[in-house]
Amino acid sequence: MTSPHGHHAFHLVDMSPWPLTGSISAMMLTTGLVKWFHLFNMDLLLLSFFTIILTMIQWWRDITREGTYQGLHTMVVVNGLRWGMILFILSEVLFFFSFFWAFFHSSLSPTVEIGMLWPPKGISPFNPFQIPLLNTIILLSSGATVTWAHHALMEDKHNQALQSLALTVTLGLYFTALQAFEYIEAPFTIADSVFGSTFFVATGFHGLHVIIGTTFLGICLYRLYMCHFSSKHHFGFEAAAWYWHFVDVVWLFLYVFIYWWGG
């Protein structure tokens, strides 16, 4: 096989400024957070958001050009991307494993500092059969619609794929809105003992992953609308679908153990 770089199927990446601008933006983000926490000034934080968004848009644009128009994403390259996504999701599994470990460590053997009770005395947990159950239905439904979109894409049913993927993005936004409402109405805070800490850290990071996954699927929706995907060449969408199913599975564990059993 040949490529612009010679007789091989691999993609030797061209020089790009986006890793540098992304690193600088990430440093600005952490510094901006510290400035906001201590000086109540959000100027640097807002600037970092702006530069991160610009970097992402231009970096994604370049990768889209490489994979869609320049033909640089050969089967060998796509296979490497596939393994990279699998290992990334595995690292995310271990990331959430640490939160569940902390939750079970505290809930299965509550210490005297929290009254040897779980939930600790004075904590009113959420009713798992209200907003948490609705959010579970929403995420499971979104898992079904993204699978529908994937099968429609593989069968060259472009309109069906667009409709089902748009529905998936809408369900992701709906979930995020309900999660934000739940946080606003929460009867406890992250400062309320280890229960509040483990609850808000675990569900908050999951909410962040839902936002990331919704963004991922939103970009795929735009690319699908622009006819960047075909039935044989759509790994960008496939990776987004894998990530979304991972988010679904993590939420099921959160719902069963933290909302229902732990509450």
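- Just one residue in the list F257, W118, F199, F253 forms a ring-ring contact (aromatic ring centres under 6.0 Å, His included) with F103, and that residue is W118.
- At most 12 heavy atoms of other shown residues, nucleotides or ligands fall within 6.0 angstrom of atom CH2 in W36.
- Residue L252 is not grouped with residue W260 when hydrophobic side chains (ILVMFWY) are merged at heavy-atom distances under 4.5 angstrom, including chains of intermediate members.
- Two rings, from F237 and W244, have their centers 6.0 Å or more apart.
- Taking CD1 of I63 as the reference point, atom CG of L72 lies at 11.5 Å (rounded to 0.5 Å).
- Across every non-hydrogen atom of V247 and L139, the tightest pair is O-CD1, 4.3 Å.
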Q: Under the side-chain hydrogen bond (donor to acceptor under 3.5 Å, both in side chains) rule, what do Q179 and E182 come out as? Steps first, then yes or no, please.
A: CA-CA 5 Å; Q179 188 86 51; E182 184 182 66; 3.2 Å; yes

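- Remark: side-chain polar atoms of T68 are not paired, donor with acceptor, to backbone N or O of R65 under 3.5 angstrom.
- In the hydrophobic cluster analysis, where Ile, Leu, Val, Met, Phe, Trp and Tyr join through side-chain heavy atoms closer than 4.5 angstrom, V249 is grouped together with L217.
- The side-chain heavy atoms of W242 and F235, taken from C-beta on, include a pair separated by under 4.5 Å.
- F50 has its side chain within reach of L54: a pair of non-hydrogen atoms, C-beta onward, lies under 4.5 Å apart.
- The two residues P110 and L108 come nearest to each other via the heavy atoms CD-C, 3.6 Å.
- Within the 6.0 Å centre-distance limit, the rings of F95 and F205 are counted as a close aromatic pair.
- Among the candidates H73, H228, H151, H150, the single residue satisfying the ring-ring contact (aromatic ring centres under 6.0 Å, His included) test with H234 is H150.
- When every heavy atom of C227 is checked against every heavy atom of H158, the shortest pair comes out as SG-NE2, 4.0 Å.
- Closest approach of L178 and L134 over heavy atoms only: CD1-CD2, 3.6 Å.
- Side-chain contact between T198 and F99 is absent, with no heavy-atom pair separated by less than 4.5 Å.
- Between F104 and W261, a ring centre-to-centre spacing shorter than 6.0 Å is recorded.
- Of all non-hydrogen atoms in V194 and S106, the two that sit nearest each other are CG2-OG, 3.3 Å.
- Between F97 and W101, the gap from one ring centroid to the other is short of 6.0 Å.
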Q. Would H209 and F96 count as a ring pair (Phe, Tyr, Trp, His ring centres under 6.0 Å) if you check the C-alpha gap in whole Å, the side-chain angles of each, and the deciding distance to 0.1 Å?
A. CA-CA 11 Å; H209 282 70; F96 278 99; 5.0 Å; yes

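- Ring centroid separation for the pair W251 and Y259 comes in under the 6.0 Å cut-off.
- Heavy-atom minimum distance, D248 versus S142: OD1-OG, 3.9 Å.
- Between Y183 and the choices F188, F200, F126, the ring-ring contact (aromatic ring centres under 6.0 Å, His included) rule is met once, by F200.
- In this structure the side chain of L171 never reaches within 4.5 angstrom of the side chain of T168, judged on heavy atoms.
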